[in-house]
Each structure stands twice: as structure tokens, then as C-alpha cells.
Amino acid sequence: MSEIPYKIYLEEKEMPTHWYNMRADMEKKPAPILNPGTLKPVTLEELSGIFCEELAKQELDDTSRYFEIPEEIRNFYRMYRPSPLVRAYCLEKKLDTPAHIYYKFEGNNTSGSHKLNSAIAQAYYAKKQGLKGVTTETGAGQWGTALSMACSYFDLDCQVYMVKVSYEQKPFRREVMRTYGATVTPSPSMNTEVGRKINAEFPGTTGSLGCAISEAVEAAVTQEGYRYVLGSVLSQVLLHQSVIGLETIAALKKYGIKADMIIGCAGGGSNLGGLIAPFIGEMLRGENKYEIVAVEPASCPSLTRGVYAYDFCDTGKVCPLAKMYTLGSSFIPSANHAGGLRYHGMSSVVSELYDQKLISARSVEQTSVFDAATTFARVEGILPAPESSHAIRVAIDEALKCKETGEEKNIVFGLTGTGYFDMVAYQKYNDGEMSDYIPTDEDLKKSIAEMPKV
Ligand SMILES: *Cc1c(COP(=O)(O)O)cnc(C)c1O
């Protein structure tokens, strides 16, 4: 076996001290977010009514290359970072591939995903501003869990609107959040005006991420001392998640490894954006080339089948408009879709990189995603989150291609989290009851036609 260890760890002193903002190196920047009322670029003042001020600044800043990670956040990171970059020797052997496969594992904390990297930053800035608490939405529950942990660390109130279907299907996720002191409300609820409206319009609806976002925003702006925080999509979240990519590139450099291909799953684009950030930076500065692949579910294919246009970030149309690859904010993936990554749009930074062809995208069907998850779990030990398994699917496909060509490609993928709370989905898969639903062109046309004309 080669001299590369199973797990490549950075030492504490090698951990990143700054987040990297790839927008600073982009010649053509992502389009500005717009005020849904005036259709003019959102100002810092307007944004500060919804978000913490420091976070609003980060959101709008597309010129500062680096932001220093505050000492308190770095101390919190030390509790679970650096995360390991693992050489998947066992998977390589199982696939009998000449490819070298590496994965950056972000599931080594109680929230079980990368989301804690941004949650702790957002809670920190809320505390620094002297707020009482924050509101948010959560779909599968990872973000709500991460935020609950971060808020309890800084002694902030945390109100989570959880998509109703997950609230019912994942009672244990809910209990983790409550254990960390959060209040969890199934969405759409009767607590907010937008929730009541959605309930009246769609009786019996099991909710969507877009609805939950609208409720959480309303809850933030109607309570004194509260702001809204979001776990993906936003540029500030990609900024915080750059810690993943910065550690990855440092660990690879430590062993003289040059990545050829980097693969990440894409829901709202935050883990992917964070993982690829410093690699994209090198590409933008003309220093290096990488093949970068975003992987999304075939049932919610925003990059591969969406349109690149301004759209609402939420169903209730209260958030700023973002130019992004989107299926339309009224798109709700089929109920049989189990594997996460349900968001209708995509980070405007990732969208712009995709539009500039700096990254490519593929969509995969959920049964093949669970095939990959199972193969991976059986040889590498970790039980992967369904979301992460989208990246595993493509990493395996690529490694199998190398078997035919004999290429010793270095494949790096993001393993964003663990799947212990997704056992209903695994159960369906194990019982042979999982099916694939791919939206028809007609389905997509309908939600795309409802998009704002900007
Ligand atoms: C939330 C989540 C994702 C998808 O979100 P992105 O913003 O696209 O990264 C992927 N994997 C896990 C484990 C998650 O919790």
C-alpha cells in the first residue's frame, strides 16, 4: 500500500484562519439579489432587516477575497475540525479500480453534516449583534439540528420551522433539536400569516422548504430582537463552508496529491460551493485545472433541467429574488422522493460557475443513489446521508470508467454527512419499495411558467 494514510488530518496549526470568497476572483460576478418589491438590488439596510448585519455585509461583498474567521468560531471549529480527508482504499479495492478516491468527511459531529460550519458562524454574529434569537426553516432536519447546537453554545433562542412531512417522519431529529433547546414547529403552521394562507390554499399539504422559509422569515421580522438565518443557497453560507475546501486543498498539498476531479452533491449548493471554492479560485486565476461535477437528484434537477433566471427563493415570495438555475419556486418534488436535495433553486454563485462552464452537472436517480450508498457503507463503514450518496454515485461511476481506461485519476468527493435519521428511506430501499420519479417536461413547464418576469 502507498505511503498515503487512510486518514489525512491537518494539525490544528494548519487549519484555515480565513474563509475564502470565490466571488472576489470571478471576473463576471453572480447577479445581485433583488428586492422583490422594487426589483432593484437589495441594499445593506434592507437586508439587515432580515439578516444579522455582519452576515448581510458578507452576503453583498463580492470583492473581499478573505474574511478572517473570528477566534470564537475557530475555537468551536476545533471541537470537530479539521475533518478527515479519507483515502477510500477499501472502496477502490471493492471496485477494482486504478483510480485513487478520496472523500472529505463532514459527518463527524452531532448534527451529522457540514451545516454546523455555517450555523456556528451565523449564531456568533447574531450574538455579537446582541440579538435574542434567530428563526429558520429545516427540511430533512440537519440544518435545524446544527443551528440548535450553535445557538445553545451562544445561549440564543432558536425557532425552527420544520417541513411537516419531515416533522412527522423524523421525530428523533426533532428531539435532538429540542434537546439543544430549540422550539420546533411543523410547517405550514397556523403561527404565521403565510402559513395560514398556504394551509387554506393547499389543505392537508405536507409542506415544502419554500413554505418553511417564508414562515421563518415572517417570524423573524415580526419579533423584536430576532433575525432569520438560512443554512444553504446564500453566498454567506458558501463563504463559511469554504473551510471544507480550504482544509481539503491543504491536506492534498501536504501529501503532494493533485486532484483531477472534484465531486459534490448539490441541493442549495453550499457544501459543493465550499468544497470547490479554493480549487475554483486556482482555476479563475489560471493556476490549475480541475474537472468539477455537481450532482443533483433526477427528481429535482435545477441545474440540468432548470432555467437561469431571477426567481423567488421561497414559496411565499417574501425573500429577495436571486438569479439562479431554478425549476420555479412553486416546484415541489414528487412525494416519493426520499433522498434530500429538494430545493427548487441553486446558489447564485454555483449557478454562475455552471453558466460559465467552470463546473458541470449530472442528475442521478434515487435507487441508484441508494445502491451506491449501500456499496459504500459496506466497505467504508460509514452510513452515508442520502444527499451525500449522490456524490458517491458519481464517484463510483467515474472510478469504474477508470477501470476501463486504466487511468489513475485522483477523484475527490464531499461526504457531507451520515444517514442515521434517514432510515425510513433506507427501509424503503431495502424492502424494494423505492421507485424513481422523474418530472416530465410538462411538470417543469408549469412551475417555470409561474416564475416572476424580471
Ligand atoms: C443539507 C445537506 C446537503 C445539501 O445542501 P447543500 O447546501 O447543497 O450542501 C447535503 N448533504 C447533507 C448531509 C446535508 O445535510
Side-chain angles (χ1 to χ4, degrees), residues 111-113 115 119 133-152 156-223 226-233 267-268 300 312-319 329-344 385-387 419-425 427-428:
S111 80
S113 82
K115 294 208 170 64
V134 292
T135 70
T136 198
E137 78 297 329
T138 196
Q142 289 97 323
W143 168 245
T145 311
L147 190 68
S148 310
M149 293 172 69
C151 284
S152 71
L156 281 167
D157 184 35
C158 179
Q159 302 175 353
V160 181
Y161 286 85
M162 186 170 188
V163 178
K164 196 177 272 170
V165 59
S166 307
Y167 182 90
E168 284 159 5
Q169 274 188 3
K170 300 187 177 182
F172 297 140
R173 263 277 177 229
R174 188 170 85 207
E175 284 325 306
V176 179
M177 288 183 252
R178 293 180 59 207
T179 302
Y180 281 92
T183 314
V184 189
T185 308
S187 165
S189 74
M190 299 303 275
N191 290 5
T192 63
E193 203 164 304
V194 60
R196 288 188 290 273
K197 201 172 136 208
I198 293 168
N199 270 317
E201 207 175 322
F202 307 100
T205 176
T206 51
S208 72
L209 215 45
C211 301
I213 295 176
S214 307
E215 286 208 272
V217 171
E218 186 182 321
V221 298
T222 53
Q223 292 176 94
Y226 281 77
R227 289 292 185 280
Y228 167 66
V229 295
L230 180 57
S232 180
V233 187
C300 192
F312 293 103
C313 294
D314 61 323
T315 319
K317 307 179 180 179
V318 294
C319 288
S329 67
S330 62
F331 179 81
I332 295 183
S334 143
N336 80 351
H337 170 68
L341 312 177
R342 305 170 63 94
Y343 189 62
H344 66 274
E387 293 90 341
Y420 304 115
F421 291 101
D422 299 287
M423 297 326 288
V424 173
Q427 182 182 25
K428 271 196 192 146

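Given the structure is predicted, the values throughout are model-derived calculations rather than measurements. Numbers here simply count residues along the sequence, with the first being 1.
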Are the side chains of S148 and V176 in contact, using a 4.5 Å heavy-atom criterion? no
Under the 3.5 angstrom rule, does the side chain of S166 hit a backbone N or O of G139 as a donor-acceptor pair? yes
Do the side chains of N199 and K164 get nearer than 4.5 Å, heavy atoms only? yes
Without swapping roles, check the side chain of Y180 against the backbone of A146 for a donor-acceptor pair under 3.5 Å. no
Heavy atoms of E137 and G231 approach each other most closely as OE2-N, 4.4 Å
Taking all non-hydrogen atoms of both residues, which atom of Y228 and which atom of T136 are closest, and how far apart? CE1-CA, 4.1 Å
Could you give the distance from CG (D422) to CD (Q169), rounded to the nearest 0.5 Å? 9.5 Å
Just so I know, are the side chains of T185 and Q159 near enough to count as touching, which here means a heavy-atom distance under 4.5 Å? no
Closest non-hydrogen atom pair between L209 and Y343, with its separation: CD2-CD1, 4.2 Å
Using modelled atom types only, decide if a donor and an acceptor are shared between the side chain of T135 and the backbone of A216 within a distance under 3.5 Å. yes
One should read off an interatomic distance between C211 SG and I332 CD1, to the nearest 0.5 angstrom, of 5.5 Å
Just how far is it from atom CG of N191 to atom OG1 of T222, taken to the nearest 0.5 Å? 10.0 Å
Spacing of M423 atom CE and F172 atom CZ [to the nearest 0.5 Å]: 12.5 Å
C300 and L341, any side-chain heavy atoms less than 4.5 Å apart: no
Flag side-chain contact, heavy atom, 4.5 Å: F421 against T145: no
I'd like to know if the side chain of R196 reaches the main chain of M190, judged simply by a donor and an acceptor atom lying under 3.5 Å from each other, with no hydrogens or angles considered. yes
Less than 3.5 Å apart, any donor N or O on the side chain of S189 or E215 sitting next to an acceptor on the other? yes
Considering residues, nucleotides and ligands other than E193, do more than 12 of their heavy atoms fall under 6.0 Å from its CD? no
Would you call W143 and V229 a side-chain contact if the rule is heavy atoms closer than 4.5 Å? yes
Return the minimal non-hydrogen interatomic distance between H344 and D314, and the atom names on each side. CE1-N, 4.2 Å
Pairwise distance CD(E387) to CD(Q142) - rounded to 0.5 angstrom: 4.5 Å
Kindly indicate whether the side chain of R342, heavy atoms from C-beta on, has any atom under 4.5 Å from the side chain of V163. no
Any chance you could measure F312, atom CZ, to S330, atom OG, to the nearest 0.5 Å? 11.0 Å
Which residues share a salt bridge (charged side-chain N to carboxylate O under 4.0 Å, His left out) with R178, sequence neighbours left out: E175
Between A220 and R227, which heavy-atom pair has the shortest distance, and what is it? CB-C, 3.6 Å
Could you go through the side-chain contact (heavy atoms from CB on, under 4.5 Å) check for C313 and I213 one step at a time? CA-CA 8 Å; C313 294; I213 295 176; 5.6 Å; no
Of all the heavy-atom pairs spanning S232 and G268, show the shortest one and how long it is. OG-CA, 3.2 Å
Just so I know, are the side chains of T192 and K197 near enough to count as touching, which here means a heavy-atom distance under 4.5 Å? no
